[in-house]
Each structure stands twice: as C-alpha cells, then as structure tokens.
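Comments concern the structure below.
Numbers here are sequence positions counted from 1.
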Amino acid sequence: MEMAGTHSISEFYHGRSIFITGATGFMGKALVEKLLRSCPGIKNVYILIRPKRGKDVSQRLEELLASKLFEKLKRQDPDFSKKVIPVTGDILHENLGVSQKDEERVINDVSVVFHSAATVKFDEEMKLAVEMNVVGVNRMIQFCKKIKNLEVLLHVSTAYCNCNVKYIDEKVYEPPLAPHKLLDACEWMDGDVLNTLTPKMIGNRPNTYTYTKAIAEYMLYQNKEELPVVIFRPSIVGASWNEPVPGWVDNYNGPTGLLAAIGNGLLRVMKGDFYGTSDIIPVDIASNMMIAVAWDNVVYKSDELKVYHCTTGQMNKFTWGQMERMSHECFMKNPVNTVARIPNPRFTKSYVWHEVCVLFDHVLPAYLMDMMMWVSGKRPIFVKIQDKLRKAVGSLDYFTQNEWVFSNKNLDDLLNKMTPEDRKTFNFNVKSIHWPTYMESYCLGIKRFVLREELSELSKARQTLKRLQRINFAVNVFLFIAVWRLLINRVAVARTLWNFLLGWAIRIFKRMPKVAKSS
C-alpha cells in the first residue's frame with residue numbers, strides 16, 4: 001500500500017533524524033556520507049560510537065569525518081558535521097551502553113535506524129561472533145522498541161548467511177539453531193568448549209560469520225510484529241564505483257586484501273573457479289540501495305518482513321577469472337610502490353596443483369627473500385607474511401570455489417518505484433557497472449586509500465617493476481641453463497637430444513652462405 005505524501009527519497013529524509021550503528025565501519029562511513037550529501041534536508045544523524053585504542057569518542061568522530069571520503073561533502077556543505085551527533089555506546093553492552101541522556105534524545109528524535117555493526121571476520125571465535133552478531137542484534141531490537149516514532153529498522157545482513165543452499169530467495173530461512181538455545185549455550189559454556197564444538201555447530205556453513213548472521217535474521221523475524229523490520233543482504237562489498245570518488249576503500253577485508261597482495265606480487269595462486277561468479281558489489285551501490293530500501297518500507301508499507309539482495313551475479317556477471325586477468329593488467333600498468341615480485345595471479349580448482357604452486361611460488365621464494373634480508377642486515381618478514389596471507393586467503397576458499405543464485409525481485413520492484421531523478425541520485429542498478437573500469441579504479445584506490453601511496457610516484461613504481469622484470473628474466477635464463485647442463489651431464493636422452501639439435505644447427509649455419517650466393 002502506498003503512503004500519502006512525498007515520493008522523492010531526498011524529500012522523505014527531510015526533517016528526519018537517523019540512528020546508525022557501525023558508522024565507523026566501511027559500509028557505515030559510505031552510508032553516513034551519502035545521506036548527508038544527497039539528503040541535505042536531513043535533521044540529525046546519530047551514530048553509535050565507542051572509545052577504542054586509547055581514543056575517546058570525540059577523537060574517533062573527528063578522525064571519521066577527516067576521511068578523504070568526506071572531502072566532496074565538505075566542499076558542498078562545510079558545516080555538515082553539525083548534523084553528526086555521536087552517541088557513546090557499544091553493542092556489546094546492555095542497552096547498547098547508552099547514557100540516559102543520549103537514550104532520551106534518540107528515542108524521541110529518531111524515526112529511521114540502520115544497524116550495520118557486526119564482526120565481519122570469517123574466522124572469529126564463536127563466543128565473540130555470537131556476542132556481536134546475535135546478542136548485539138537482540139540488544140538493538142530491545143532498544144528500538146523504545147523509539148517512539150520508529151518507521152523502519154534496516155538490518156544489514158549478508159547474502160551468504162544461507163550459503164548452505166545454492167538458490168537463495170528473498171526470505172528468512174529456518175535457522176540452524178533456535179536463537180534462544182544458542183544464547184543459552186553461550187552463557188554457560190566457556191570459549192574453549194565453544195571453539196571445540198564450532199565445527200559441529202556450523203555444520204555445512206563455512207564459518208561463524210554466516211552461521212551467526214542466519215540466526216540473527218531469524219531473531220528479527222520473530223520480532224516483526226513489534227518492529228518495522230527490513231533485511232538488507234549485500235554480497236562481497238568492494239571499493240566504490242563512482243561516489244563520492246571512484247575506488248574508495250579503507251580496509252583489507254574481502255577482495256581488497258586479495259588485490260593488495262596480488263599488487264605486491266606476494267599472492268600468486270589461489271583456490272578458485274576461474275569461471276565462477278565473483279559477486280562483488282561496490283560500496284556506493286550498496287549504500288544507495290540501503291537508503292532507498294528504508295524509504296520503500298515506509299512509503300510503500302508491507303505486512304511482510306521484506307528481504308533485499310544487493311548482488312551482481314545474476315544481473316552483471318563478473319568472474320574470478322576476469323578478476324585474475326584485470327587485476328594483473330591494472331597492477332602491471334599502475335604498480336604499487338612496495339611491489340616485491342612481478343604480479344602474476346592464478347586461480348585453480350586443483351588441490352594438488354595449488355599446493356605445488358604454493359610451495360614453489362610462495363613458500364620457497366619467501367625463504368629466499370628472507371635469507372637476502374638477513375644477509376643485508378634487515379629483519380626477515382616474508383615467511384611471516386606468507387603464513388598470514390595463506391590463513392587470510394584460506395578463509396575465502398569456500399566463496400571462490402562455489403557460486404550461488406540470488407533472487408533479485410525486490411531490487412527490480414524497488415527500481416521501478418523510484419523516479420528517474422532518484423534512480424540517478426541513488427543509483428544501484430548494477431547493470432551500469434563496467435567491470436574493466438571498476439577494477440582499474442579499485443586497484444588505484446588500493447594504492448591511494450589503503451596503501452596510502454601518491455599517484456605522483458607511479459613513474460618510480462614502474463621503474464621498480466621494470467627492474468624486477470629484468471631480474472626475473474635473468475634468473476629464469478640462469479635456471480634454464482643450470483637445469484639443462486645438469487640434464488645433459490646426467491641423462492643420456494637429454495645429451496643425445498642436445499647433440500642432435502647442436503649438429504642440426506651447425507649444418508644450417510654452414511649452408512647459409514651457399515643459399516645467400518645462389519640467391
């Protein structure tokens with residue numbers, strides 16, 4: 001049913017106050033920036049933020065708003081920060097750890113809530129994963145029930161929370177364990193016991209992240225009669241496509257870590273299906289859709305809890321093989337300053353070939369490079385880097401070797417409800433992504449925003465890469481000669497073949513003057 005009033009998304013947010021958790025995270029930052037830039041009439045944006053690593057809330061807020069992500073917004077509205085109000089708290093604490101004064105302000109002023117706070121570590125221990133992704137959601141539910149004029153609570157989940165099935169519909173599935181049973185178990189079991197039971201608990205899911213996200217969704221489903229809940233499921237969130245700057249990314253999670261390691265030349269072989277879908281979604285596409293989804297569920301109310309997939313696989317397919325090829329082209333054209341070896345990424349489905357390549361292309365070179373570091377009086381680092389890299393890449397194996405089909409009906413319906421102007425301002429049409437352009441922006445974004453390298457230093461990086469290419473060529477020639485000499489000295493067949501080729505070459509050389517004279 002359509003609600004009377006405005007149809008414009010920007011006008012919908014005019015005069016409204018928003019409450020966001022996870023605002024200091026990758027997606028949260030993009031959401032805050034987009035709301036303030038494209039919905040200038042917004043009243044206040046309250047963000048839940050906690051002290052961390054010796055920094056208080058005001059310092060962390062200042063650090064957040066000083067990000068390069070907000071530079072375009074600063075030019076547009078120099079006073080935008082006055083609308084951003086920090087709420088000291090933490091989803092790990094009861095009532096979100098919010099003071100009575102802050103609570104009263106939020107529950108009286110807010111009408112739209114975005115909950116994106118979570119642990120996104122795939123290998124997180126079960127107890128902490130449950131505490132953040134399940135207990136944290138429960139605390140959010142209880143807090144939102146106090147908000148007097150709440151119109152929508154948007155929960156950020158993941159498209160892979162039901163990865164135990166291959167076709168994933170826009171609905172909440174039965175959980176692997178009832179939420180209250182999991183919470184009871186985590187209360188009386190210590191961490192070591194839970195870690196021992198984790199493989200049995202997660203069953204045919206790959207990690208605690210997808211397991212706890214599935215249970216959190218069902219908890220929200222159980223409260224759908226009391227709260228206006230909507231679930232948003234993005235796939236693998238990557239760097240921005242266009243807004244506010246192409247290629248913006250600020251962490252090593254997901255494909256960013258892979259690409260950074262590829263650019264350095266340290267990651268050269270990965271388990272994965274060359275032809276399989278790499279379902280990457282740019283962060284600006286995801287934030288645009290989140291804003292539109294919240295609007296949709298207020299303006300077009302529904303009696304059902306709606307689930308929205310924000311994915312690319314069925315609408316604009318991109319494969320791991322394309323990532324392999326495009327990332328290689330990008331980093332050969334625009335190398336990173338810290339390149340240690342020539343970028344040469346490869347995906348393989350073969351376990352045996354993968355292990356052989358890891359041994360000869362990862363482990364042995366790491367020991368040789370560390371030996372050179374030690375001889376030159378520097379601290380060896382490459383073996384440790386390879387150990388960490390193998391663990392990080394291993395957590396992604398499940399997703400690079402499998403693929404899923406996601407229903408996108410609600411995404412299509414949402415696009416059809418939006419005005420042409422809104423579809424332009426809050427663009428989440430994934431068909432508009434040109435993957436070669438996106439990958440080049442992504443790789444350059446890793447240089448600029450993650451590795452913090454200046455693009456003005458590209459010429460120096462290219463010279464370094466050329467030097468590595470020359471060294472690589474010389475090493476390959478030396479190895480070929482050394483192996484060939486060993487073979488002709490030890491293997492009779494190789495010696496016979498060498499004598500035959502040498503004799504054949506000498507005969508051709510002797511006949512060349514006669515051929516020249518006759519012509």
Side-chain angles (χ1 to χ4, degrees), residues 21-22 24-25 48 50-53 89-98 115-143 155-165 168 172-223 231 233 236 251-254 257 271 351 384 387-402 404:
T21 70
T24 57
L48 188 72
R50 62 188 172 95
K52 186 178 179 182
R53 294 172 186 166
D90 191 338
I91 60 170
L92 293 176
H93 298 155
E94 288 299 325
N95 199 44
L96 306 182
V98 175
H115 177 56
S116 66
T119 176
V120 296
K121 287 179 63 177
F122 285 171
D123 57 351
E124 191 70 82
E125 290 189 357
M126 179 64 79
K127 199 170 189 70
L128 182 56
V130 170
E131 187 68 22
M132 292 196 69
N133 295 348
V134 183
V135 179
V137 170
N138 188 44
R139 290 180 180 131
M140 195 69 195
I141 289 170
Q142 302 312 316
F143 187 87
H155 170 74
V156 180
S157 184
T158 171
Y160 299 101
C161 62
N162 301 294
C163 57
N164 54 313
V165 295
I168 302 175
V172 176
Y173 287 75
E174 284 291 322
L177 183 67
H180 72 274
K181 290 184 178 179
L182 179 62
L183 297 181
D184 289 344
C186 288
E187 270 190 25
W188 63 268
M189 285 187 189
D190 65 27
D192 291 338
V193 174
L194 276 172
N195 290 341
T196 302
L197 294 176
T198 293
K200 188 172 180 63
M201 291 172 71
I202 64 176
N204 54 0
R205 284 180 170 82
N207 50 47
T208 57
Y209 174 68
T210 56
Y211 176 80
T212 52
K213 280 291 191 178
I215 293 174
E217 281 196 2
Y218 193 74
M219 182 180 289
L220 288 158
Y221 178 80
Q222 291 175 317
N223 287 272
I231 293 173
R233 291 179 183 158
I236 306 169
N251 62 76
Y252 285 98
N253 294 336
K271 290 180 185 174
Y351 172 81
K384 287 184 179 179
D387 289 341
K388 290 181 180 179
L389 191 58
R390 183 157 192 179
K391 183 179 179 183
V393 173
S395 67
L396 301 174
D397 287 349
Y398 181 86
F399 302 96
T400 55
Q401 295 183 94
N402 294 283
W404 295 263

Polar contact flag, side-chain donor to acceptor under 3.5 angstrom, Thr208-Glu124: no
Close side-chain approach of [X] and [Y], heavy atoms under 4.5 Å:
X: Leu183; Y: Cys186; result: no
X: Pro176; Y: Ile202; result: no
X: Lys271; Y: Leu396; result: no
X: Thr119; Y: Tyr209; result: no
X: Ile168; Y: Tyr160; result: no
X: Val98; Y: Leu48; result: yes
X: Gln222; Y: Ile141; result: no

Which atom pair, heavy atoms only, marks the closest approach of [X] to [Y]?
X: Asn133; Y: Ala216; value: O-CB, 3.1 Å
X: Glu217; Y: Ser157; value: OE2-OG, 2.7 Å
X: Arg50; Y: Gly89; value: CB-O, 3.2 Å
X: Met132; Y: Ala118; value: CE-C, 3.9 Å
X: Met219; Y: Pro179; value: CE-CB, 3.6 Å
X: Cys163; Y: Arg205; value: SG-CG, 4.5 Å

Once rounded to the nearest 0.5 Å, what's the spacing between atom [atom1] of [X] and atom [atom2] of [Y]?
X: Met126; Y: Thr198; atom1: CE; atom2: OG1; result: 4.0 Å
X: Ile231; Y: His115; atom1: CD1; atom2: NE2; result: 11.5 Å
X: Lys213; Y: Thr210; atom1: NZ; atom2: OG1; result: 11.0 Å
X: Met201; Y: Ile215; atom1: CE; atom2: CD1; result: 7.0 Å
X: Phe399; Y: Phe122; atom1: CZ; atom2: CZ; result: 4.5 Å
X: Leu389; Y: Lys384; atom1: CG; atom2: NZ; result: 15.5 Å

Ring geometry between Trp404 and Tyr398 (parallel below 30°, tilted from 30 to 60°, perpendicular above 60°):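 Geometry flag for Trp404 against Tyr398: tilted rings.
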Backbone of Val193 reached by a side-chain donor or acceptor of Asp190 within 3.5 Å: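 Yes, the answer is positive, given that a donor and an acceptor are paired below the 3.5 Å cut-off.
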Any donor-acceptor pair under 3.5 Å from Ser116 side chain to Val156 backbone: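 Answer holds: no.
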Salt-bridge present (Glu131, Arg139; N to O < 4.0 Å):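 Between Arg139 and Glu131 there is a salt bridge, with a charged N closer than 4.0 Å to a carboxylate O.
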Candidate list Thr212, Leu182, Val130, Ile91, test side chain to side chain contact (heavy atoms under 4.5 Å, CB included), partner Val135, passing option: Val130
Residue Glu125 excluded, over 12 heavy atoms near CD under 6.0 Å: no
